Every structure is written in structure tokens, then in C-alpha cells.
There are 2 protein chains.
Amino acid sequence: MTIKPRSDVASSSAEAADTRERILLEAARLLRHHGYAATTLREIADAAGVKAGSIYYHFESKEEILGEVLDKGITIVADAVRTRIEALPANASWRDRIAAGIEGHLWGMLHYGDFTSANIRVYGQIPTSAKNHHKIVRRAYADYWDRLFESALASGELRQDTGLAMIRLFVIGALNWTVEWYNPQRGSFQDFARQITAIVFDGILTHDKV
Amino acid sequence: MTIKPRSDVASSSAEAADTRERILLEAARLLRHHGYAATTLREIADAAGVKAGSIYYHFESKEEILGEVLDKGITIVADAVRTRIEALPANASWRDRIAAGIEGHLWGMLHYGDFTSANIRVYGQIPTSAKNHHKIVRRAYADYWDRLFESALASGELRQDTGLAMIRLFVIGALNWTVEWYNPQRGSFQDFARQITAIVFDGILTHDKV
DNA sequence: GTCTATAACCCGATAGAC
DNA sequence: GTCTATCGGGTTATAGAC
């Protein structure tokens, strides 16, 4: 029996994977700017440098592409957050952990804007089947933040006159929306993250401290 | 010459205005939940209790309906904000004015959710012609808040280590997004507005005050 | 003012050649 | 793996009856 040269297999599958990745990338960009219904498979194919029919070799349907773009939008951010928090020393304060989480969340949101903006823009406007599947990924990420805030509350570092879910929804929502107005030309990302964190932690008013 | 009885004129034009209003209302609801491209004139007509062709007696195009829904989403909120701030005593602090503005913004956002959510959801995904027209309404409202924050900064009530535009974009963005997660069953609107204002003013951490 | 009917066009998905 | 060609269906907008 003959065995196909490995280089052939690797090359062919690598190219296929590459095409698949390109389709996802362009799909994210188009979903972000035109929404789900207005984004056509012909447009995606054009942008990815293939013909519309070829998409069906890589994906089963338009909805499957949507699902992968949505999931990627969350996992990119979630991974960035977890990486930064786990890199902190074991005795880090909850304040420091939340700060690291905010920095990671912002970094993911702003450096993968097509995936993250597409996610928050189209999530409210997609078929319920796609929504139900993607909900699970969202729920897991929300739970991660809830545990973080819960610990901060128990340690006395978080304000206690406001509901925990409310703090999470408000903060994550506010951070998410930065992708819609962040302008990299107005300063470094590090400065941006520092300023956002300061507002989230201490608010917009001046305070007399002890 | 004969003059048409006034009741007839009033009745007929009132009914036309009513149909028009119903079309806008249902359009806002559908735009919110399905996006611009996926919202069809047949659906809007169905929901409004007329046939698709009849829409063209009241509007010139689908884009004109979109434009009116978008504008209404901003003007409802802007009117609520201005009304509350202008009702304050002349010597009110800038802190109190901003608090009144936040309460008004939240009230408008949450009590006209179909118009306001449709606005923030579809704005990034519409034809540039519609965007360019609506931009003007948005700009005027942003300017209003900028003046408010500028005065608060001059009086020393606003933190000075952060850009002014950044504060406005962050706060308005965070307030806007509440329409996506606010749950009226979890407490009164007044409580909600009070808690949001507290977070915006003082942040999510505990602070030792003088 | 609202209707029916239809023109002109674009969509997702599939079949089958290469 | 990618192509061309096409099916069945839905879209905005218009024309003209009532």
C-alpha cells in the first residue's frame, strides 16, 4: 500500500484551514458593519477570495458561521481575562484581580474588534436557535465575573449597597461598549485601560479621601 | 362653496396620523429585535394592521421609517434629560444637575425601549445616507452632555485626571446599555436609577471618606 | 387611504463538473 | 477543495383599482 507524502496532506489541510479562518475573519467584519441579515454569503466569499458555493465545503450554513464568530468574540475576551488574573501573585487583592480582569477584557474587546463588536451588535437580532447555543458561552463568562465580584464583596472591597448582578451587568456592559467609541489615536491602550479602571473603581466625581 | 364638516377632516387626518404612529411603533419594535435588513415592510404592515403597499402612503421608503425611529430614540431621551435639569433650582450644584440628567436619560431609555434599543442596536449597521442624517441629532445631544460635564469640571466637582470626551462616552455608553439588561421586576425604576447614579458618581469599590 | 398585483432584483442552499 | 449554474423563495417599490 502507498502512503500519501505527509507534506501534501499537511499543505492541503493547512490551506483549507487557512481559507476557513479567512472566511471567519471577513464574516466577523461584515457582521459587525452590516448585521446578520444584511451580510450575504456572496459578500463573505468575495472578501475571503473564494466563490459563494465554496463556503459550504467549510461550513454547513450561514448560521454556523455566525455561531463561530459569536463564540470567538467571547472566548477571546475570556481567555485574555483569565490569563491576566492567573498571572497575579497568589496574595493579590481582589481590587488588583478586578483591575487585571478589566484590562484583559478591554484588551480583548479592542484588539479583536470585529469579533467582539459583531458579538454585542448582532446578539439581540439573531435566530433563537443561534442564540440558545451561544447563550451557554456567555453564561460561563458572566459566572466567572460574578465569582470575582462575590469574593471582592466578601473581603469588603466592593460597595455593598448595590446588587451584585447589577454591578456585573453595568461594568461589563460599559466595558463592552468601549469598542464602539475607542479611538487608538487618542492615546496608548495602557493609558486608556488605566483611565477606564479609575472611573469604574472610583467614579466620575472628585472625592475627599482620608 | 361648501366647507367640509370639521369633524370629518379631523377624524380622517387623525386616523391617518394614528396609522402612521402605529407603523412607527411596530417598526421600532421589529428593528430592535431583528435589525434593519431583516425587518421587512410586510412584517411592519402586518403588525400595524395594514397591507404592505399602504405604508407608501405614509412614508417614502423603508429608510425614511428607519430615520424617524432613530431620531425619536434620541429626542425622547434628550427631552427627558432637559426637562429634569431645567426643573432644578437655579443654584443647583453640577452634581445635582448630572444626577437629574442621568435619571432622565435612564427614564427615556427604559420607558421607550423599542425606540432607544433599536437606535443603539442598528445605528452601526445602516446605510451611510441614513447614518449621516441621524448623526446631527446625535451630535447635538452629545454636545449637551459635554457642556454639562465641562461646567462640572470647571467647578471642581468632576475628576480631572481623565479626558472630558472619555467621561461622556463612557457614561452615556454605560447608561445606554442598561436598556439591554434592565429588569423592571427586580425593583422600582427609582431604586435602579439611584443605584446606577451611585456607581457612576462613586465607583464600585468601597472608599474611606473624611 | 387602503387595497391587489406585479416588476426587478437578491437571497441561501444544492448539484455536479473539474 | 473550488468552481459554475440554478432552484425556490423573499425583498422593496410601483401601478392602478376602489
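Throughout, protein chains are lettered first and strands after them, A, B, ... in sequence-line order, and every chain is numbered starting at 1. These numbers were taken from a predicted model, which means no experiment stands behind them.
- Mapped onto DNA chain C by nearest heavy atom, Ala38(A) and Ala52(A) fall at different nucleotides, with Ala38(A) at the one closer to the 5' end.
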Using nucleotides 6-9 of chain D, report all nitrogen or oxygen pairs with the protein that are shorter than 3.5 Å.
none

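- Sorted by first and then second residue, the salt bridge (charged side-chain N to carboxylate O under 4.0 Å, His left out) pairs involving residues 38-49 of chain A (not counting sequence neighbours) form an empty list.
- With sequence neighbours excluded, the residues that form a ring pair (Phe, Tyr, Trp, His ring centres under 6.0 Å) with Phe192(B) are Trp181(B), Tyr182(B).
- Remark: His133(A) engages no residue in a ring pair (Phe, Tyr, Trp, His ring centres under 6.0 Å) (not counting sequence neighbours).
- Regarding contacts with the backbone of dT2(D), a side-chain N or O of Thr19(A) is found under 4.0 angstrom from either OP1 or OP2.
- The stretch residues 54-66 of chain A touches DNA chain C through Tyr56(A), Ser61(A), Lys62(A), each having a heavy atom under 4.0 angstrom from the strand.
- Trp145(A) and Tyr141(A) have perpendicular rings, their planes meeting at more than 60° on a 0 to 90° scale where under 30° would count as parallel.
- As a whole-Å value, the separation of Ile44(B) CD1 from dT11(D) C1' is 13 Å.
- Among residues two or more places apart in sequence or in another chain, the ring pair (Phe, Tyr, Trp, His ring centres under 6.0 Å) test is passed with His34(B) by none.
- Here Asp79(A) pairs with nothing under the salt bridge (charged side-chain N to carboxylate O under 4.0 Å, His left out) rule; sequence neighbours left out.
- Residues in residues 123-133 of chain A take part in no salt bridge (charged side-chain N to carboxylate O under 4.0 Å, His left out) pair, two or more places apart or across chains.
- The CG-P distance, from Leu41(A) to dC11(C), rounds to 9 Å in whole Å.
- Partners of Tyr123(A) by ring pair (Phe, Tyr, Trp, His ring centres under 6.0 Å), not counting sequence neighbours, listed by chain and number: His134(A).
- Under the salt bridge (charged side-chain N to carboxylate O under 4.0 Å, His left out) criterion, the residue pairs touching residues 48-77 of chain B are Arg20(B)-Glu68(B), Glu21(B)-Lys72(B), with sequence neighbours excluded.
- Within the structure, every pair that satisfies the salt bridge (charged side-chain N to carboxylate O under 4.0 Å, His left out) test and touches residues 168-184 of chain B, not counting sequence neighbours, is listed here: Arg121(B)-Glu180(B), Asp146(B)-Arg168(B).
- As rounded to whole Å, 8 Å separates atom P of dG12(C) from atom OH of Tyr36(A).
- Atom C1' of nucleotide dG1(D) and atom CD1 of Ile23(A) are separated by 11 Å, given to the nearest angstrom.
- Taking atom CD of residue Glu43(A) and atom P of nucleotide dG12(C), one finds them 9 Å apart after rounding to whole Å.
- The pair Glu150(A)-Arg147(A) does not count as a salt bridge, with every side-chain nitrogen at least 4.0 angstrom from each carboxylate oxygen.
- Applying a 4.0 Å cut-off to non-hydrogen atoms, none of the residues of residues 123-130 of chain A approaches DNA chain C.
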